[in-house]
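To start, the structure itself, in structure tokens.
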Amino acid sequence: MKVLIAGPFGVGKTTLIRTLSEIPTLHTEEAMTETGAPVDDTAGLPEKTTTTVAVDFGRLTLPGQVVLYMFGTPGQRRFFPLWQDIARGALGALVLADTRRLSDSFEIMDMVEEQGLPYAVAVNCFPDAPAHSVEVLRTHLDLHPDTPLVLCDARERRASLDALIALAEHVLDGLPAAPTAALEQP
């Protein structure tokens with residue numbers, strides 16, 4: 001199953017995929033240059049020295065031989081046409097957010113909604129980021145009550161897995177119910 005890992009620039013998408021993938025990840029990170037400095041706002045991201053320029057890819061096999069193919073998208077606007085291509089065929093999206101720059105997530109959530117993808121939001125808890133309750137974050141992100149919201153640290157496997165589980169449960173809850181044998185007529 002294909003899932004999209006989306007979010008704004010510098011939010012931890014590559015890290016989350018690396019944390020969860022059972023295979024060496026495919027990543028297209030490049031060193032940030034002076035040419036990109038006016039375009040890629042690194043305010044609040046003092047350690048950011050690379051950026052994804054195409055796609056990240058990882059794989060995770062779940063019990064029951066369910067395989068998740070995780071596709072990470074670049075977070076900058078100039079890559080949005082590529083983002084739309086990557087989103088085709090995805091069952092859902094995990095949108096990462098950062099409390100240091102919550103408003104940067106709105107454009108990504110809008111794009112996910114425009115693609116008709118169910119999604120969950122995972123707030124990546126950076127050590128220097130302001131901490132807020134889930135209720136406060138839900139209000140600030142203006143999330144629909146049914147949209148899952150979890151806190152995670154993309155560097156920690158269990159927390160990242162919990163975020164993917166929240167997405168999977170949300171996708172499954174949205175599937176049409178299978179007809180029961182009692183309702184079927186021969």
Side-chain angles (χ1 to χ4, degrees), residues 2-32 36-37 39-60 68-80 82-83 86-87 90 92-112 117 119-134 136-138 140-141 143 147-168 170:
K2 180 179 182 180
V3 294
L4 195 65
I5 309 298
F9 171 71
V11 78
K13 300 175 296 289
T14 299
T15 301
L16 185 129
I17 291 172
R18 283 181 179 160
T19 298
L20 290 174
S21 185
E22 65 197 15
I23 62 171
T25 59
L26 166 71
H27 54 91
T28 56
E29 279 194 311
E30 294 294 333
M32 295 178 62
V39 183
D40 296 330
D41 182 9
T42 57
L45 305 172
E47 305 295 318
K48 186 77 173 154
T49 60
T50 61
T51 187
T52 299
V53 296
V55 67
D56 291 322
F57 174 79
R59 184 184 76 201
L60 178 64
L68 293 181
Y69 296 104
M70 300 173 286
F71 287 81
T73 62
Q76 300 98 316
R77 173 173 273 289
R78 68 184 177 274
F79 295 112
F80 284 178
L82 173 66
W83 184 97
I86 295 168
L94 181 63
V95 177
L96 268 66
D98 179 349
T99 60
R100 299 171 296 184
R101 302 172 295 123
L102 275 181
S103 63
D104 291 355
S105 300
F106 293 130
E107 192 169 41
I108 303 297
M109 289 187 295
D110 288 345
M111 288 177 53
V112 170
L117 292 174
Y119 68 98
V121 176
V123 176
N124 193 5
C125 301
F126 290 92
D128 62 337
H132 301 286
S133 70
V134 169
V136 167
L137 290 168
R138 179 172 289 287
H140 284 290
L141 289 168
L143 295 178
T147 302
L149 174 65
V150 297
L151 303 176
C152 79
D153 181 334
R155 300 168 301 173
E156 295 179 6
R157 186 168 178 79
R158 183 69 236 175
S160 296
L161 194 53
D162 287 345
L164 264 186
I165 289 169
L167 170 63
H170 182 58

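Quick caveat, the model's predicted, so the values are computed rather than measured. No hydrogens, no waters, no symmetry mates; every other heavy atom, side chains included, goes into these values.
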Residue pair Ala87 / Leu117: nearest heavy atoms and the distance that separates them: CB-CD1, 4.3 Å
Whether Arg18 side chain and Lys13 backbone form a donor-acceptor pair below 3.5 Å: no
Side chain Thr19, main chain Thr15, donor-acceptor under 3.5 Å: yes
Exam field: side chain Asn124 to backbone Val11, donor-acceptor pair closer than 3.5 Å: yes
Check against side-chain contact (heavy atoms from CB on, under 4.5 Å), Val123 and Leu149: CA-CA 8 Å; Val123 176; Leu149 174 65; 3.8 Å; yes
Value rounded to 0.5 Å, distance of CG in Asp104 from CG in Asp98: 8.0 Å
Gap separating the NE2 atom of His170 from the OH atom of Tyr119, nearest 0.5 angstrom: 8.0 Å
Residues that Pro24 engages under side-chain contact (heavy atoms from CB on, under 4.5 Å), provided they are two or more places apart: none
Non-hydrogen side-chain atoms of Val95 and Val112 separated by less than 4.5 Å: yes
His140 side, atom NE2; Phe106 side, atom CZ - distance, nearest 0.5 Å: 9.0 Å
Rounded distance (nearest 0.5 Å) linking atom CG of Leu164 with atom CG of Leu16: 6.5 Å
Audit row: Leu143, Val121, side-chain contact (heavy atoms from CB on, under 4.5 Å) steps and yes/no: CA-CA 9 Å; Leu143 295 178; Val121 176; 3.9 Å; yes
Side-chain touch Phe71/Asp56, heavy atoms, less than 4.5 angstrom: no
Salt-bridge criterion met for Asp128 and Arg100 (N-O under 4.0 Å): yes
Residue list, salt bridge (Lys or Arg N to Asp or Glu O under 4.0 Å) with Arg157, at least two apart or on another chain: none
Distance-minimising heavy-atom pair for Ala163 and Ala122: CB-CB, 3.8 Å
Under the side-chain contact (heavy atoms from CB on, under 4.5 Å) test, residues paired with Ala159 that sit two or more places apart: Cys152, Glu156
CZ-NZ distance between Phe57 and Lys2, expressed to the nearest 0.5 angstrom: 10.0 Å
Closest non-hydrogen atom pair between Ala166 and Val150, with its separation: CB-CG1, 3.9 Å
For Arg59, all residues meeting side-chain contact (heavy atoms from CB on, under 4.5 Å), sequence neighbours excluded: Glu22, Ile23, Thr61, Val67, Tyr69
Point-to-point distance, once rounded to the nearest 0.5 Å, from SG of Cys125 to CG of Leu151: 4.5 Å
Evaluation steps, side-chain contact (heavy atoms from CB on, under 4.5 Å), between Thr73 and Ile5: CA-CA 6 Å; Thr73 62; Ile5 309 298; over 6 Å; no
side-chain contact (heavy atoms from CB on, under 4.5 Å) partners of His132, counting only residues at least two apart: Thr99, Pro130, Val136, Leu137
Shortest non-hydrogen contact from Leu94 toward Leu167: N-CD2, 3.7 Å
